[in-house]
2 protein chains.
Amino acid sequence: MFYIYPMRKLGVKERVIETASDLFYNQGYNQTGINQIIDEAGVAKASMYQHFRSKEDIAVAYLIARHTMWMGKLDECVAKEKSPKSKVICVFTYLTEWLTEVDFRGCGWQNIITDLPTDHNKIKDQAIYHKNELRGWLQKELSKEKEFTNKEAKELGDEVMVLIEGAIILSQIQKDTWPIVTAKKACKKILA
Amino acid sequence: MFYIYPMRKLGVKERVIETASDLFYNQGYNQTGINQIIDEAGVAKASMYQHFRSKEDIAVAYLIARHTMWMGKLDECVAKEKSPKSKVICVFTYLTEWLTEVDFRGCGWQNIITDLPTDHNKIKDQAIYHKNELRGWLQKELSKEKEFTNKEAKELGDEVMVLIEGAIILSQIQKDTWPIVTAKKACKKILA
DNA sequence: TCAAATAAACAGACTTGTCTGTATTGTGTG
DNA sequence: CACACAATACAGACAAGTCTGTTTATTTGA
């Protein structure tokens, strides 16, 4: 047999993560039940529980996958920029493209940690990790800029970080790009 | 009979709103069921449904009550400041006091709208309203400052608004004051 | 043959909201 | 002050559905 398209179905694990990623992000963690995930993934419940201990574990896998995807797209988007400083400013271009595309659905990590059962600590840890990675990315980029000392680069990176988070959540609430546009303007001022 | 303390129990409506406010804010909207609310409020279920059509309606009442409380405390906190500009900067002092007191539980509106059933639009509207009020407050304060034109005041107010939102959500994720401290520093720069 | 995936039933707890019937309250009138 | 009537609050059962997670027994594919 010849398979023009790769007929090999994705494995159970991959299908679950893929489906859950879509559902968790677009309709919310609390709004998404196990049953919907396995139905849409076309997977038996017992098979799913062979690969994941709990719903929280699925969410952790989702967030890990999302992290590499999100950081990858960020790198891709800022690649065309020459200076570290303009790379950092370009983050807000990335935010605009991304958030308008998803109809201002906001940040996957912000969304999941704000209304979570008290004991879901693995999810919270993923949020902390992701935000720390982004924070580190900003600081690292800015530290490449000769005009800044290391200390300055760290402080400026943190300020940009706050602007990013504010732009994301506010654009989500207001369903508008103005917070991102505003944040970009503020970012330029700060780095000037 | 003499009642030293006001013996008059609060009415059903008030008790429900008070209890629900505590629960919705501290353990989350999705994590709080009707039954827990009526149990802790000491109210019969039928009585509660006499005053509120649905759980969403309780949440709306909670957010309305929270809005007046929150804005009131803000006004109180910045009252000691003389200039409009320092009032605006003082918002971050307010944030620090508030958020450390509630152990970085974050913003009631941000928390409730990020993982909500799709049809809960009355709640979303409350979030939009609250954020617009705060945005207007900032713009109004800054427009009192003679050194800014009206247009400048609006733009600067929006930039501060983004910083505020970012500081709240990021301090919630990281369980630390650094985002607020950083936002304050950035705010001073922007208004300088 | 053998491990993995399947369908489907099941447990048990939870959800919002309705309903019934009883008890308690407050108010207006005599 | 006393009585009656209406409004409200009460406890708790109930409906109809959701949820996560387990188990069993069957089928599939290498």
Side-chain angles (χ1 to χ4, degrees), chain A residues 1-3 5-24 26-63 112 115-124, chain B residues 1 3 6-21 23-24 26-63 112 115-123:
Chain A
M1 277 283 270
F2 292 99
Y3 297 121
Y5 300 103
M7 288 295 289
R8 172 187 59 80
K9 280 204 292 188
L10 289 169
V12 169
K13 197 166 186 175
E14 286 76 21
R15 272 181 288 161
V16 169
I17 292 178
E18 214 158 276
T19 308
S21 293
D22 175 32
L23 293 172
F24 283 159
N26 288 112
Q27 64 177 25
Y29 179 73
N30 290 297
Q31 268 52 53
T32 303
I34 289 284
N35 293 320
Q36 191 185 5
I37 294 173
I38 59 167
D39 284 353
E40 297 196 13
V43 160
K45 196 181 266 194
S47 311
M48 186 248 104
Y49 273 104
Q50 210 74 10
H51 293 275
F52 300 95
R53 204 175 301 273
S54 67
K55 183 181 169 183
E56 187 186 8
D57 272 19
I58 304 178
V60 170
Y62 145 61
L63 292 175
I112 205 169
D115 194 349
L116 206 60
T118 39
D119 55 323
H120 279 40
N121 291 316
K122 281 184 274 181
I123 289 178
K124 286 182 195 157
Chain B
M1 274 286 269
Y3 297 121
M7 288 294 288
R8 172 187 60 81
K9 277 205 292 189
L10 288 169
V12 170
K13 198 166 187 175
E14 286 74 25
R15 270 181 289 162
V16 168
I17 292 178
E18 212 158 277
T19 308
S21 293
L23 293 172
F24 283 159
N26 289 112
Q27 65 177 26
Y29 179 72
N30 290 296
Q31 268 51 56
T32 303
I34 289 283
N35 292 321
Q36 190 185 4
I37 294 174
I38 59 166
D39 283 354
E40 296 196 15
V43 159
K45 196 180 266 195
S47 310
M48 186 249 105
Y49 273 104
Q50 210 74 11
H51 293 274
F52 301 94
R53 204 175 300 274
S54 66
K55 184 180 167 184
E56 186 186 9
D57 272 19
I58 304 177
V60 170
Y62 146 61
L63 292 175
I112 206 170
D115 194 350
L116 204 61
T118 40
D119 56 321
H120 279 39
N121 292 315
K122 283 185 272 182
I123 289 178

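In this text, all values refer to a predicted model and were calculated from it rather than measured experimentally. Side chains are part of it too, since the values below use all heavy atoms of this structure and drop only hydrogens, waters and symmetry mates.
Across the protein-nucleic acid pair, B:Asp39 atom CG and C:dT16 atom C1' stand 14 Å apart, rounded to whole Å. When the C1' atom of D:dC19 is taken as reference, atom CD of A:Gln31 falls 12 Å away, rounded to whole Å. Here D:dG17 presents its C1' atom at 16 Å from CD1 of B:Ile34, a figure rounded to the nearest Å. Spacing between atom CD1 of A:Ile38 and atom C1' of D:dT23 amounts to 14 Å, rounded to whole angstrom units. Between A:Lys55 atom NZ and D:dG21 atom P there is a gap of 9 Å when expressed in whole angstrom units. Rounded to whole Å, the distance from CD1 on A:Ile37 to P on D:dC19 is 10 Å. What separates CZ of B:Phe52 from P of D:dA9 is a distance of 11 Å, to the nearest Å. Here the C1' atom of nucleotide C:dC14 and the CG atom of A:Asn30 are 14 Å apart, to the nearest Å.
By the neighbour-count criterion of 12 heavy atoms within 6.0 Å, atom NZ of A:Lys13 is sparsely surrounded, having that number or fewer from other residues, nucleotides or ligands.
Minimum atom distance to the side chain of A:Asn35 is reached by D:dC19, of the listed D:dC19, C:dG17, C:dT6. Side-chain atoms of B:Lys45 lie closest to C:dT16 of the nucleotides C:dT16, C:dA5, D:dC10. In the set D:dG21, C:dG17, D:dA11, D:dG21 carries the atom at the smallest distance from any side-chain atom of A:Tyr49. Proximity note for A:Ala46 (side chain, C-beta onward) versus D:dT20, C:dT18, C:dA7: the nearest is C:dA7. Relative to the side chain of A:Val12, the nucleotides D:dG21, D:dA9, C:dT6 differ in distance, and C:dT6 lies closest. The side chain of B:His51 has D:dA9 as its nearest neighbour among C:dA5, C:dG17, D:dA9.
Positionally, the nearest nucleotide of DNA chain C for A:Gln50 lies more toward the 5' end than for the other of B:Arg53 and A:Gln50.
In this structure, A:Tyr29 and A:Phe24 have tilted ring planes: the angle between them lies in the 30° to 60° band.
The closest donor-acceptor contact from the side chain of B:Lys45 to the backbone of B:Ile34 lies at 3.5 Å or more, if one exists at all.
Between B:Leu116 and A:Asp115 the shortest side-chain heavy-atom distance does not fall below 4.5 Å. Proximity of B:Val16 to B:His51: side-chain heavy atoms (C-beta onward) are nowhere separated by under 4.5 Å. Under the 4.5 Å side-chain criterion, counting only non-hydrogen atoms from C-beta, B:Glu40 is in contact with B:Leu23. No side-chain heavy atom of A:Ile17 sits less than 4.5 Å from a side-chain heavy atom of A:Ile58.
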Practice prompt. Using a 4.0 Å cut-off on protein heavy atoms (strictly under), produce a 5'-to-3' string for nucleotides 25-30 of chain D with B for base contact, S for backbone-only sugar-phosphate contact, and - for none.
Written response: ------

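Phosphate contact (OP1/OP2 of D:dC10, side-chain N/O of B:Ser47, threshold under 4.0 Å): present.
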